[in-house]
Each structure stands twice: as C-alpha cells, then as structure tokens.
Amino acid sequence: MAAGRYRLAVARGCPWANRTMIVRRLLGLESALSMGICGPEHDWRSWTFDLDPGEKDPVLGIHWLREAYEKAVPGYDRGVTVPAIVDIPSGGVVTADFRRITLDLEGEWGAYHRDGAPDLYPDELRDEIEEVSALVYEDVNNGVYRCGFASTQTAYEEAYRKLFDRLDWLSERLRARRYLVGDTITEADIRLWPTLARFDAVYHNHFKCNRNKLSEMPVLWAYARDLFQTPGFGDTIDFTQTKQHYYRVHTDLNPSRIVPAGPDTSGWLTKHGREELGGRPFGDGTPPGPPPAPERVAPGHGAG
Ligand SMILES: N[C@@H](CCC(=O)N[C@@H](CS)C(=O)NCC(=O)O)C(=O)O
C-alpha cells in the first residue's frame with residue numbers, strides 16, 4: 001500500500017460503500033486513501049461522477065465509473081459497482097470486492113492508521129465476527145434486497161420472515177450488550193449498521209420490509225442511534241441522496257420515480273441510553289475527528 005496511490009469510489013446511497021466509508025473514517029485513512037463520490041442516480045450504464053465540477057472526478061478525470069473498470073479489463077462488460085478501489089496512476093479498478101475492502105483497510109493499511117485508531121477486527125474475535133456477520137449478511141444486508149426484488153409472493157414472504165426473525169434475534173443479542181461482538185465497535189457492527197441506517201427511509205416502504213419500522217424496535221433503534229451519534233457513522237449518512245438512489249434508480253419498483261418526502265429523521269439525534277450497558281466504543285483508542293470539509297454531508301441531507 002502507498003499513501004495517495006489509490007482512490008476509493010463510493011456512492012452515499014449504497015450500503016456496501018457505506019461500510020468502507022465508515023472504516024476509512026474510524027481508522028483515519030482520509031489522507032492516505034482519497035475518496036470520489038458518485039451521484040445518487042444512474043441509468044443502465046451505472047455510476048457517474050456527476051456531482052463534481054464538469055461532472056468528472058477531479059483525480060481520476062472520468063465521468064463514468066465504468067471507465068475505470070474498462071481501464072483494468074479492456075472490453076469489460078460486467079457489472080459496475082461501488083465500492084471500488086482505483087489505482088490512480090493506471091486509472092484502473094484494482095478491487096470491487098466489498099468483503100475484502102474493509103478487511104484490507106484494517107490490515108494492509110495499518111501503517112497509515114491514525115493515532116488512536118481502534119482495532120475493528122481483533123484476532124481473538126474474528127471467528128465470532130464472521131459467524132454473526134454471515135447471518136446478518138444472509139438475512140439482513142442481503143435479506144432486504146431479497147424482499148424488494150422477490151419475483152414471487154412465496155419468495156418475498158420467506159425473505160420477509162427471515163429478515164424479521166433475524167432482527168428479533170439481533171434485538172435479543174443487543175438487549176444487554178452494547179455491541180454485537182466483544183465490548184467494542186467491530187467489523188460486525190459496521191456490517192450491520194448501514195442496513196439499519198436505511199431501514200425506515202427506504203427498505204420499510206420501497207422493499208416492503210414493513211412488519212415494523214426500525215424506530216418501532218426499541219433495542220435495535222437505540223443501538224442504531226448510538227452508532228449514528230458515534231463519529232464516523234452518522235456523519236457518512238446522506239438521507240437525501242440515499243432516497244434518491246433507491247427511488248429513482250429502481251424504476252421497476254417505483255415507476256413514477258417520486259422520492260418520498262419523509263420520514264422525519266430528527267429521531268436519530270435523540271438520547272439512546274446505551275452508555276449504561278458499558279462497553280468501550282473505541283477500546284483503547286479514541287474517536288475520529290470530524291470529516292474533511294469536502295466530504296461533509298450537505299446541510300439538510302443528514303439527520304435533523
Ligand atoms: N454487488 C456487489 C456489492 C456492491 C453493490 O451491489 N453495489 C450496488 C449499489 S448498492 C451497485 O453498485 N450496483 C450497480 C448498479 O446499481 O448499477 C458485489 O457483490 O460485489
């Protein structure tokens with residue numbers, strides 16, 4: 001790894017990209033690994049840097065993220081996804097494996113972690129982190145998509161049941177412990193949280209995940225608020241762009257492309273009371289400082 005050599009391409013709406021943004025913030029990798037933010041909407045050709053001046057990423061000099069995939073693999077004709085790590089000198093994508101990216105930031109990028117960076121993937125907890133995360137991936141992270149894109153009533157109901165059974169299981173697990181694994185924030189929390197952050201704004205309605213809102217599940221709602229209010233989590237969330245992404249890109253689910261005005265997001269900032277459970281959010285480390293100015297969420301797009 002070399003500081004300044006790679007660029008992380010993300011979109012604020014995407015939960016898989018959100019994980020990488022959180023890890024980058026918690027570890028203080030902002031100056032070693034720069035970040036390009038794609039706009040929330042795209043057509044079948046996929047993501048573009050339309051939010052940037054001239055609609056081009058200022059570092060990579062491209063409009064379509066596809067161009068970086070094509071640089072790496074001439075004639076590339078498969079999916080273009082975020083998150084992706086792009087090698088700046090060659091302009092080509094080096095990995096778009098979202099499972100790998102956060103683990104690499106935690107491991108390979110160790111030399112560039114800030115002072116006080118937490119250990120998000122402690123050796124002794126890895127098995128448990130992976131065990132919990134596999135269930136969370138199947139039933140929750142991917143589960144909401146399986147509800148939303150089910151093509152039969154049976155498939156939808158099966159995904160819905162597994163999703164809410166797993167959320168009930170998570171609520172039980174988190175009732176008396178502040179974080180999912182151990183007593184500090186780990187990869188396991190970072191993998192679950194982006195789905196919870198999008199739940200009421202998107203999945204409850206758009207993907208028909210509507211047994212309950214997150215805000216009606218007291219333990220999970222408090223857990224999600226606790227992390228939202230932890231530096232590095234809530235400051236990555238742009239509810240406006242997130243809703244624009246889902247409601248305008250999935251025209252099969254939302255043919256009118258109208259983006260809902262709600263829900264009220266002020267609840268994210270209310271007291272959660274989870275400090276009483278103990279836990280040490282950053283272990284022996286410290287919280288990160290505020291995000292660099294160009295990466296701050298636009299006024300009115302966050303919670304409040
Ligand atoms: N599907 C990717 C995970 C990342 C992903 O699905 N990202 C979505 C956005 S949340 C994406 O970029 N989709 C491509 C598109 O919308 O064109 C993978 O399995 O590696």
Side-chain angles (χ1 to χ4, degrees), residues 4-25 30 33-98 100-102 145 148-149 194 197-198 201-202 206-207 235-260 291-302:
R5 170 151 187 173
Y6 298 98
R7 191 155 174 84
L8 175 64
V10 298
R12 291 211 185 261
C14 174
W16 320 103
N18 194 185
R19 288 181 182 185
T20 64
M21 297 167 76
I22 293 166
V23 169
R24 175 174 169 273
R25 287 269 300 118
E30 292 97 333
L33 174 66
S34 69
M35 184 168 81
I37 305 177
C38 296
E41 294 181 51
H42 59 72
D43 60 18
W44 60 273
R45 288 165 294 183
S46 200
W47 303 102
T48 65
F49 291 99
D50 55 297
L51 302 175
D52 291 303
E55 301 203 356
K56 283 191 172 180
D57 179 80
V59 171
L60 301 171
I62 57 174
H63 173 66
W64 302 98
L65 181 58
R66 178 175 298 281
E67 296 171 62
Y69 279 79
E70 285 168 352
K71 266 274 165 56
V73 179
Y76 185 84
D77 62 357
R78 290 180 299 127
V80 170
T81 55
V82 288
I85 302 254
V86 183
D87 175 49
I88 298 170
S90 70
V93 168
V94 288
T95 181
D97 179 350
F98 70 90
R100 218 32 274 159
I101 295 176
T102 50
Y145 281 82
F149 290 110
R198 287 156 180 72
V202 177
H206 187 59
F207 283 173
D235 54 40
T236 65
I237 296 292
D238 184 318
F239 287 111
T240 305
Q241 288 190 21
T242 299
K243 287 191 293 180
Q244 287 170 343
H245 169 64
Y246 284 95
Y247 286 98
R248 290 195 180 149
V249 171
H250 304 149
T251 49
D252 41 350
L253 300 185
N254 187 40
S256 73
R257 302 183 76 237
I258 291 171
V259 180
E295 295 179 9
R296 297 209 181 126
V297 170
H301 286 206

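Computed over heavy atoms, backbone and side chain alike; hydrogens, waters and symmetry mates excluded. In this text the structure is predicted, and so the values were computed from the model without any measurement.
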For Pro83, does its backbone N or O pair with a side-chain atom of Thr20 as donor and acceptor, under 3.5 Å? no

Is it true that a side-chain atom of Tyr76 and a backbone atom of Ala68 form a donor plus acceptor pair closer than 3.5 Å? no

Determine whether a donor-acceptor pair (N or O, by modelled atom type, separation under 3.5 Å) exists between the side chain of Arg296 and the backbone of Pro291. yes

Within the distance-only criterion (no hydrogens, no angle test), does the side chain of Lys243 pair as donor or acceptor with the backbone N or O of Pro260 below 3.5 angstrom? yes

Evaluate the salt bridge (charged side-chain N to carboxylate O under 4.0 Å, His left out) criterion for residues Glu30 and Arg24: first the C-alpha distance (whole Å), next the side-chain angles of each, then the deciding distance (0.1 Å), finally the verdict. CA-CA 6 Å; Glu30 292 97 333; Arg24 175 174 169 273; 5.2 Å; no

Within the structure provided, determine whether Ile22 and Pro194 are in side-chain contact (heavy-atom separation under 4.5 Å). yes

Mind telling me whether Tyr246 and His250 have parallel, tilted or perpendicular rings, with 30° and 60° as the class edges? perpendicular

Does any non-hydrogen side-chain atom of Glu55 lie less than 4.5 Å from one of Thr48? no

In terms of heavy-atom contacts, Gly300 and Thr240 come closest through O-OG1, 3.9 Å

Neighbour count above 12 (heavy atom, 6.0 Å) for Arg45 CZ: yes

Scanning both residues in full, the closest heavy-atom pair of Glu295 with Arg12 reads O-NH2, 2.6 Å

Ring geometry between His42 and Trp47 (parallel below 30°, tilted from 30 to 60°, perpendicular above 60°): perpendicular

Spacing of Glu41 atom CD and Gln244 atom CD [to the nearest 0.5 Å]: 6.0 Å

Quick check: does any side chain N or O of Asn254 sit under 3.5 Å from a backbone N or O of Ile258, one acting as donor and the other as acceptor? yes

